2 protein chains.
Amino acid sequence: MPKNKEKPAENKLNFETSLGEGVHSQLKDAIREGRYSPGERIREAEVAVWLNVSRTPVREAFRRLQSDGLIILTPWRGAQVAELDRNQVVELYAMRRVLEGTAAGFAALHATDAEIDYLFELLRQDEIAKGDPAVQANLNRLFHETLYAAARNRYLLKASNALADSLALLRSTTYEIPGRPDTARQEHLLIVNAIKEGNSDKADLFARAHIEKATQARLALLFEE
Amino acid sequence: MPKNKEKPAENKLNFETSLGEGVHSQLKDAIREGRYSPGERIREAEVAVWLNVSRTPVREAFRRLQSDGLIILTPWRGAQVAELDRNQVVELYAMRRVLEGTAAGFAALHATDAEIDYLFELLRQDEIAKGDPAVQANLNRLFHETLYAAARNRYLLKASNALADSLALLRSTTYEIPGRPDTARQEHLLIVNAIKEGNSDKADLFARAHIEKATQARLALLFEE
DNA sequence: TTTTATTGTATACAATATAATACAATTAAG
DNA sequence: CTTAATTGTATTATATTGTATACAATAAAA
């Protein structure tokens, strides 16, 4: 029996170009939003009835997802959402540490006053949203997006986007961990203060430390349960 | 009159998938190798006769190159190889500084003895190739590739590849500048020594300094002639 | 202004990809 | 061993794309 993979609203339809492409993006969203979890099997027929197409475009979408690294296709067992092994997670976070640090450092040099105010505002809202991890996770996303925008470097954005798909595989938020949202907010505050000071090295350092802590939380969540 | 854009060997033919794709990769190579220089106009008909196809696949290739950011299409004036303005060059090198520093830092942690030996060997060959900028530029490329491989981080590679196209736009080597190859070799030596010591921070720092110098050379080459 | 070079647009036909369906092969469960 | 569920494969018709060609529109040069 198919579980509830469906989004409430204008689901089902997608005619940008080909059906295969539509299925691809729908499944990508589903994985990104955690409606399919890592390791879970994705059945062709199930997706086909869900999106009201035949199995052929689903299979085409599977091939794309495989080359994205989002699923693993094995003969006669079909598709499973990819799982990152410990090494991959470590490598991924090592890179995130570099990129977030860079973003913070660059932002310290280039952020406008409005952007800095907005970052503080996001932290205030985060304080208010205490106890609602979903809202907090969303505010967290906004925070990091604003940081990257304030960095004023289109190539930093490109580099970051190159990692987005892989990051989607572990989007089950660390904000579920008790106490994590509060420490995260404090870490963010240090970063924004450094940006306000215009101290690039300090912002870089605090951002790296922040991701370092996030890495620990992530690894604990994944491999030591 | 069409200039000599042709490669000597097995040119003309390319049938991987579609003609448009073939034209796209041929033009990409041509730009990367400097057979078309930034700002230069690319005429549809010229490319068509060169590669022995009609204008239609050439136009399709143009659209791809545009979305790669390699050419600029303006109505009724067609395609010109994109030029990076000073800002873009600065942003690009800022990112290169980060990525090369990271690669060197990671390499200090993960490089094998064989890889370190190979890096030294490349520098020896560079010493021998004195006075031959073409060979030296190639050795330089090998050096950086080896560095990235030794860093053992697939996401660093992804991030780096995301910038590759833009970098191609300024591949007219800085090695033409008198004295530049020698200083570059010395800077490389500092990096490899730090890697051999396993000193990650030092390797990172020296690599950043190296790119910093390269940036100066590049900007001087581009904007102060 | 007239001419020429070059790009944009339209058309026609062939080639290919897409999508649905039916059926065979394989695995895992009973 | 048999059966049920699921994936791989093959076959079709249809839609889309690729390609070449001819012609119109535009811009730059004479």
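Everything numeric in this text was worked out from a predicted model, so none of it was measured. Quick note on labels: first sequence line is chain A, next is B, and so on, each numbered from 1. When reading the values below, keep in mind they use all heavy atoms of this one structure, side chains included, and skip hydrogens, waters and symmetry mates.
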### Task
Look at the side-chain N and O atoms of B:S54 and state whether any lies under 4.0 Å from the OP1 or OP2 oxygen of D:dA20.
yes

### Whole-Å gap separating P (D:dT17) and CZ (B:R59)
17 Å

## Note on the structure
From CD of A:E21 across to P of D:dT16 the rounded distance in Å is 14 Å

### Task
Round to the nearest Å and state the distance from A:E60 atom CD to C:dT16 atom P.
18 Å

### Query
Choosing from D:dG8, C:dA19, C:dT6, which nucleotide comes nearest the side chain of A:E44?
D:dG8

### Task
Go through the steps to decide whether A:Q136 and A:R185 satisfy the test side chain to side chain contact (heavy atoms under 4.5 Å, CB included), and finish with yes or no.
CA-CA 10 Å; A:Q136 288 188 308; A:R185 186 179 334 105; 4.0 Å; yes

### Message
Just the rounded figure in Å: distance from P of C:dT7 to CD1 of B:I42.
### Response
11 Å

### Side-chain donor/acceptor of B:R55 to base of C:dG8, under 3.5 Å
yes

### B:R63 CZ to C:dT9 P, straight-line distance once rounded to whole Å
11 Å

### Query
Rounded to the nearest 0.5 Å, what separation is found between the CG atom of B:L221 and the CZ atom of B:R180?
11.0 Å

### Query
Where the side chain of B:P57 is concerned, which of D:dA20, D:dT6, C:dA20 is the nearest nucleotide?
D:dA20

### Task
Rounded to the nearest angstrom, tell me the gap between atom CG in A:N52 and atom P in C:dA19.
13 Å

### Message
If you assign A:R77 and A:V53 each to the DNA chain C nucleotide with the nearest heavy atom, which residue ends up on the more 5' nucleotide?
### Response
A:V53

### Query
Any idea which of C:dA19, D:dT7, C:dG8 is nearest the A:R41 side chain?
D:dT7

### Task
With the side chain of A:W76 defined as its heavy atoms from C-beta on, choose the nearest nucleotide among C:dT27, C:dT18, C:dG8.
C:dT27

### Task
Verify, without hydrogens or angle tests, whether A:N153 (side chain) and B:E91 (backbone) share a donor-acceptor contact under 3.5 angstrom.
yes

### Message
Any heavy-atom pair between the side chains of B:K158 and A:S166 that's under 4.5 Å?
### Response
yes

